[in-house]
Amino acid sequence: MNDTLHNDRLLRALLRQPVDVTPVWLMRQAGRYLPEYRATRARAGSFMALCQTPDWACEVTLQPLARFPLDAAILFSDILTVPDAMGLGLTFSEGEGPQFACPVRSVADIHRLFVPDPETALRYVMDAVRLIRRELAGRVPLIGFAGSPWTLATYMVEGGSSKDYARIKGLLYDQPGLLHRMLEVTAQAVTLYLNAQIAAGAQAIMIFDTWGGILTPRAYQEFSLAYLARIVDGLTRVADNRRVPIILFTKGGGAWLEAIAATGCDAVGVDWTVDLSEARRRVGAQVALQGNLDPAVLYAAPERIRAQVAQVLADFGPGAGHVFNLGHGVQPGVEPERVGALVAAVHELSASRPTGDGV
């Protein structure tokens with residue numbers, strides 16, 4: 001797939017190359033805050049149908065790009081498609097979030113886990129990637145993604161969302177060998193899944209370690225970071241004669257930025273609990289940084305949003321290697337016009353900033 005990429009700011013910034021303005025995309029940029037998304041979701045009938053129908057997944061992926069001059073599209077899917085393909089039976093209930101019909105609760109359950117073939121069990125995702133790439137026609141790059149093995153295991157063992165993570169942490173401390181077996185299978189599945197996305201046309205990859213921040217430093221190294229590093233090692237790094245940048249994001253992982261940067265990834269996502277200037281000082285020239293506006297800023301007036309954008313840009317400072325994003329996803333109650341104000345502010349305020357290779 002060799003369509004000319006008209007806007008490659010994102011890929012250049014992730015590789016710490018100069019750009020004309022700081023690129024911006026937003027986690028959950030296609031979501032419930034958009035009325036057009038809500039309309040498509042209603043037509044689909046369920047969130048799973050939306051994810052599993054390539055035409056609808058493509059439609060909602062492109063919706064924010066029709067509204068805002070974003071510098072990337074991100075595949076519309078869910079991190080839990082991989083455990084669903086392992087046979088756990090994923091559903092989404094209004095107000096309750098994801099639930100698995102067959103959570104992993106026993107030794108036998110763990111031994112039954114397998115690595116699904118992404119071109120069969122997850123063919124709908126690959127078809128969506130191919131369709132989105134075709135419809136983008138080189139306008140902006142397409143980001144593919146997956147959940148980290150630790151985060152996926154958390155949902156798989158808990159059976160859905162959790163407040164105390166009692167089951168997964170009980171497994172971690174009581175039977176760590178069993179948890180490692182589960183994480184090994186899941187890491188293999190995620191690696192295969194992401195490489196299939198790259199083969200289908202994803203031009204950058206992000207791995208979401210949503211629940212890494214609930215771990216102790218030692219447990220994070222052993223049960224999350226080690227598997228992230230393994231996946232990074234196993235990913236296809238060049239496609240269409242371009243490097244495929246890899247972004248790692250551990251929510252609540254600000255204490256471990258140096259260790260995350262040392263995995264071999266190209267960029268580290270930073271949430272809003274870390275000052276971006278401090279993050280940059282700590283990782284140096286090793287990786288690009290992505291982030292890190294507090295998502296709640298989007299509830300403020302446009303001039304306040306602009307001021308907060310200016311602060312994030314100032315915190316990063318001059319030089320290459322910054323992708324502007326939120327510290328987590330766009331919240332459902334945000335007015336779309338506020339997102340428009342953010343995107344415009346990023347491009348306008350960064351237009352005159354030097355973006356050479358200095359750190």
Side-chain angles (χ1 to χ4, degrees), residues 1-27 29-30 36 54-77 118-119 123-146 193-207 232 235-247 265-267 269 287-290 319-325 339-340 342-344 346-348 350-357:
M1 195 177 294
N2 287 305
D3 48 322
T4 301
L5 189 55
H6 304 297
N7 174 355
D8 67 351
R9 286 175 189 142
L10 174 86
L11 303 184
R12 292 179 63 81
L14 289 173
L15 298 176
R16 303 189 66 258
Q17 297 169 358
V19 288
D20 56 338
V21 299
T22 299
V24 53
W25 72 276
L26 304 175
M27 288 182 271
Q29 64 188 25
E36 55 268 40
D55 284 345
W56 278 331
C58 177
E59 182 178 318
V60 295
T61 296
L62 299 180
Q63 283 171 348
L65 299 178
R67 273 190 182 255
F68 317 116
L70 293 154
D71 294 300
I74 182 166
L75 165 70
F76 184 82
S77 187
E119 283 290 356
R123 177 64 180 262
Y124 63 90
V125 177
M126 306 313 144
D127 286 345
V129 171
R130 287 183 275 263
L131 180 58
I132 296 162
R133 266 297 296 271
R134 188 168 74 240
E135 292 298 313
L136 281 171
R139 190 177 2 157
V140 293
L142 174 62
I143 302 168
F145 72 91
Y193 179 56
L194 289 175
N195 279 336
Q197 289 186 36
I198 293 167
Q203 292 150 294
I205 290 296
M206 183 158 172
I207 303 176
V232 170
L235 290 180
T236 302
R237 301 307 287 270
V238 177
D240 292 343
N241 299 312
R242 278 183 175 270
R243 185 167 174 87
V244 180
I246 311 301
I247 311 161
C265 66
D266 298 286
V287 290
L289 292 172
Q290 179 174 278
H322 182 210
V323 172
F324 199 102
N325 208 312
V339 172
L342 181 151
V343 175
V346 173
H347 286 156
E348 290 167 14
S350 65
S352 60
R353 297 168 61 80
T355 58
D357 291 326

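Heavy-atom basis, side chains included; hydrogens, waters and symmetry copies ignored.
Between Leu131 and Asp55, some side-chain heavy-atom pair lies under the 4.5 Å cut-off. Under the 4.5 Å side-chain criterion, counting only non-hydrogen atoms from C-beta, Asp8 is in contact with Arg242. Side-chain contact between Met206 and Trp25: present, with at least one pair of heavy atoms (C-beta onward) separated by less than 4.5 Å. In this structure, Leu70 and Val140 have side chains that are not in contact, with every pair of non-hydrogen atoms separated by 4.5 Å or more. Between Leu75 and Val129, the closest side-chain pair of non-hydrogen atoms falls below 4.5 Å. Within the 4.5 Å cutoff, no side-chain heavy atoms of Asp71 are placed close to those of Val346. Side-chain contact between Val24 and Leu26 is present, with heavy atoms from C-beta onward closer than 4.5 Å. You'll find the side chain of Arg237 stays beyond 4.5 Å of the side chain of Ile198, heavy atoms only.
Nearest heavy atoms, Ile132 versus Ala57: CD1-O, 4.4 Å. Contact record, Ala72 with Leu65: O-CD2, 3.6 Å, taken as the closest heavy-atom pair. Closest heavy-atom contact between Gln197 and Gly144: OE1-CA, 3.0 Å. Across all non-hydrogen atoms, the minimal contact from Gln203 to Pro141 is OE1-CA, 3.3 Å. Between Arg130 and Ala200, the shortest heavy-atom contact is CG-O, 3.5 Å. Annotation for Glu135 and Leu62: closest pair CB-CD1, 3.7 Å, computed over non-hydrogen atoms.
When atom types are taken as modelled, the side chain of Arg12 and the backbone of Pro18 share a donor-acceptor pair closer than 3.5 angstrom. In this structure a side-chain-to-backbone donor-acceptor pair under 3.5 Å is present from Thr61 to Phe76. Between the side chain of Gln63 and the backbone N or O of Glu36, at least one donor-acceptor pair lies under 3.5 Å.
By the side chain to side chain contact (heavy atoms under 4.5 Å, CB included) test, Ala196 pairs with Pro118, Met126, sequence neighbours left out.
Atom CZ of residue Phe68 and atom CG of residue Leu342 lie 9.5 Å apart, to the nearest 0.5 angstrom. Atom NE2 of His347 sits about 5.0 Å away from atom CZ of Arg9, to the nearest 0.5 Å. A distance of 6.0 Å separates CE of Met27 from CD of Gln290, quoted to the nearest 0.5 Å. Interatomic distance, Asp127 CG to Cys58 SG, rounded to the nearest 0.5 Å: 11.5 Å.
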| query | Given Arg133 and Asp240, is the side chain to side chain contact (heavy atoms under 4.5 Å, CB included) satisfied, shown in steps? | reply | CA-CA 13 Å; Arg133 266 297 296 271; Asp240 292 343; 3.5 Å; yes
- [ ] Any chance you could lay out the side chain to side chain contact (heavy atoms under 4.5 Å, CB included) test for Ile247 and Asp266, step after step, and finish with the verdict?
- [x] CA-CA 6 Å; Ile247 311 161; Asp266 298 286; over 6 Å; no
Test side chain to side chain contact (heavy atoms under 4.5 Å, CB included) applied to Ile207 and Leu194, step by step: CA-CA 9 Å; Ile207 303 176; Leu194 289 175; 3.9 Å; yes
Handout entry: Verdict with supporting geometry, Leu10 and Ile143, side chain to side chain contact (heavy atoms under 4.5 Å, CB included)
Key = CA-CA 10 Å; Leu10 174 86; Ile143 302 168; 3.9 Å; yes
